[in-house]
Amino acid sequence: MSKANQSTALPRPIRRYGPLAVLGVFSLWTLVPLFWMFLSSLKIRKSMFEFPPTIIFDPTLRYYQDMFLGSNPVTPFLANSVIVALGTAVLSVGLGTVGGYGLSRLDLRGKKHLAFWIISTRMAPIVVVVIPLFYVYKTAGLLNTHVGLIIAHTTFNLPFAIWLMRSFFDEVPVSLEEAAMIDGATRWQAFRKVSLPLVLPGMGATAIIAIVFSWNDFIFALIFTSNATQTMPVAASQLVTQTGTLWGQVMATGVVILLPMVTFGVIVKKYLVSGLTMGAVKE
Amino acid sequence: MAQIALNHVTKEYNNGRIVAVNDLSLEIEDGEFLVLVGPSGCGKSTTLRMVAGLEDATEGDISIGPTRVNELEPRERDIAMVFQNYALYPHMNVRKNIGFGLQLSTDLSDTEIEERVEEAAQLLEIGELLEKKPKALSGGQQQRVALGRAIVREPEAFLFDEPLSNLDAKLRKQMRTEISRIQEQLGVTSIYVTHDQEEAMTMGDRIAVMNDGELQQIGEPNEVYNYPANLFVAGFIGSPSMNTIETEVAADGTHLEAAGGALTYDLGADDHPDPDLSPGDRVTVGVRPEDVSVRAAAEAFTDQTHRATVEVVEPLGSDNLLYFDVDGASWTARVSPAFEPEPGDEVAFSFPRDALYLFDDRGVTVESRDLTDPAEAEQVTAADGDGAATR
């Protein structure tokens with residue numbers, strides 16, 4: 001390192017602890033509300049709004065009991081959420097994989113423009129398309145169906161899925177497929193037996209992103225579903241009623257919405273990281 | 001095993017705006033090892049890829065054995081290819097990598113495939129690596145696996161696309177011998193693409209030199225080295241490159257004069273028959289570095305001695321390479337390691353009439369080094385051998 005560089009470098013303690021401080025603040029910023037939500041879901045209504053909040057208290061599970069065993073259980077909504085999220089993931093990953101493969105391998109004039117056009121469809125805010133889509137759905141009879149919501153979510157996931165999968169296929173050397181084709185494979189076999197296994201982490205990463213989007217989506221679900229097909233976020237929103245907010249239920253529902261995603265995230269973390277960074281370094 | 005033939009093959013890109021291979025005709029004999037050599041972008045890899053079926057020929061016919069293969073898919077051509085980056089399947093272990101082709105293209109039973117894989121692994125001495133993934137292998141081992149994948153299929157032809165260029169120098173030499181050995185043992189027709197002229201010289205039964213998409217010369221290594229068809233081949237084959245300088249035939253018709261006057265050469269020396277040149281002809285003179293004799297003192301030691309200032313001395317151990325400037329052209333001489341002038345030293349250099357190459361103004365060879373009489377060639381070496389001259 002040159003002298004000039006040394007003189008402009010930050011003092012050692014800042015270089016060392018600075019990042020930790022920033023990460024610490026970030027962690028507090030994201031985790032404290034979640035922690036607060038979790039604690040509140042176990043508190044009776046009175047102690048929920050005490051200030052300063054109590055950390056040690058007598059926990060109650062009545063909101064959770066209410067949610068699953070009460071007169072209006074959330075289980076069907078949870079099932080809706082799972083169906084829609086998985087459907088969206090399968091469709092997004094499937095179409096994203098073939099689309100990404102095509103975009104990566106095809107020698108096409110104006111490929112850059114095509115790619116940009118695909119991603120540009122993702123740039124419109126959801127609210128802009130919701131009303132026109134509503135009419136389309138109404139005519140097509142897709143309102144209040146799982147399929148309708150899956151299609152809506154896939155539409156919004158697909159551009160990203162295609163781009164993500166394309167970048168994964170870009171990292172798989174063409175010569176691997178060529179070698180396979182010389183070895184006796186058809187183009188399809190080369191794709192399926194050589195390229196596809198190599199982009200599995202990418203497919204995993206794409207699936208996760210699709211699931212998270214679908215699981216958390218509120219607007220599409222609110223507009224396109226009714227009672228029978230409602231997903232968890234919409235169900236949670238209905239706990240805010242004209243006569244008051246059922247805070248305990250809101251908090252418990254929040255935890256139930258969050259928990260599967262967090263668990264899922266922890267399980268696939270390694271996979272996701274290897275997926276998102278695969279090929280970051282050229283071999 | 002089969003003969004491979006290319007008949008007036010042309011490859012164009014962008015609707016003819018780029019001509020990668022231009023009207024190439026080649027015949028590779030059954031069991032022959034042909035090396036396609038040339039600088040990068042000369043069309044050699046494109047040629048190989050057309051034979052493999054990875055690129056379509058724009059014009060011309062390609063045949064393997066009696067079959068015209070232009071319209072056949074790569075998998076239908078019964079060839080095996082070794083890629084520069086080896087192209088091993090990262091998610092399969094070595095055993096599966098080698099057996100993959102057999103599984104796809106034959107109806108052999110698993111046991112038979114197993115046997116063939118073991119056999120190939122034994123031939124390449126990679127038996128103990130069979131369960132490993134490519135990532136766990138060194139470059140040299142990966143190269144062997146790539147070779148194994150090719151030979152296990154017992155194809156009509158091997159295609160090699162610069163297979164050694166990712167290896168370090170020592171390993172490269174070792175694998176060079178290995179590939180030659182295996183090819184000879186199996187007797188499979190092979191096309192080997194490289195930009196390394198040394199690889200071409202040492203490995204090929206014949207070498208085909210390409211430049212700008214066109215075949216420059218095809219022949220046995222020594223033939224191409226000793227009798228290059230043109231200035232390009234002369235400069236490309238041989239390391240260090242042939243020394244060249246542009247000259248003009250003087251009014252007397254037997255003297256060559258470089259433009260700057262730094263060099264004149266009497267073609268009539270040593271009772272050599274005159275080439276067919278007329279006064280005023282532009283002629284490029286070429287001399288191989290090993291044919292240039294250099295003396296320390298700037299004195300005349302032959303009839304035709306020239307002077308130059310040493311710019312760089314490169315000791316190779318067995319020889320020293322001297323670099324000096326001749327009228328703006330950088331020349332090299334390969335001399336005995338005992339002769340070590342300092343950069344900046346004035347030296348005298350000379351080259352025998354027999355060692356001369358002459359090229360006309362289009363670069364076509366007019367005259368090559370005269371090796372017809374071995375006794376005479378030996379005499380030349382002996383004459384130069386005294387003192388600190390050439391090897």
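From a predicted model like this one, the values you see are computed outputs, not experimental measurements. We name chains A, B, ... by the order of the sequence lines, and we start the count at 1 in each one.
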[X], [atom1] atom: more than 12 neighbouring heavy atoms under 6.0 Å:
| X | atom1 | answer |
| --- | --- | --- |
| A/Y17 | OH | no |
| B/D212 | CG | no |
| A/F38 | CZ | no |
| A/F264 | CZ | yes |
| B/D168 | CG | yes |

Where on A/Q189 is there a heavy atom nearer than 4.5 Å to chain B: the side chain, the backbone, both, or neither?
-> side chain

Value rounded to 0.5 Å, distance of CZ in A/R109 from CG in B/N14 |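 Taking CZ in A/R109 and CG in B/N14, the distance rounds to 9.0 Å.
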
How many angstroms lie between CG in B/N97 and CG in A/D183, if you round to the nearest 0.5 Å?
->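 With rounding to 0.5 Å, CG (B/N97) is 9.0 Å from CG (A/D183).
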
Flag the pair A/I182 / B/R153 as yes when at least one side-chain heavy-atom distance between them is below 4.5 Å, and no otherwise.
->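 Side-chain contact under 4.5 Å: yes.
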
Option that, when pairs with chain B are counted at under 4.5 Å, heavy atom only, ranks first among A/L200, A/V174, A/L176 | A/L176

Pull out the residues in residues 75-94 of chain B that come under 4.5 Å of chain A, heavy atom to heavy atom, sorted by number.
->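 Only B/R75, B/I79, B/A80, B/M81, B/F83, B/N85, B/A87, B/L88, B/Y89, B/P90, B/H91, B/M92 of residues 75-94 of chain B have a heavy atom under 4.5 Å from chain A.
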
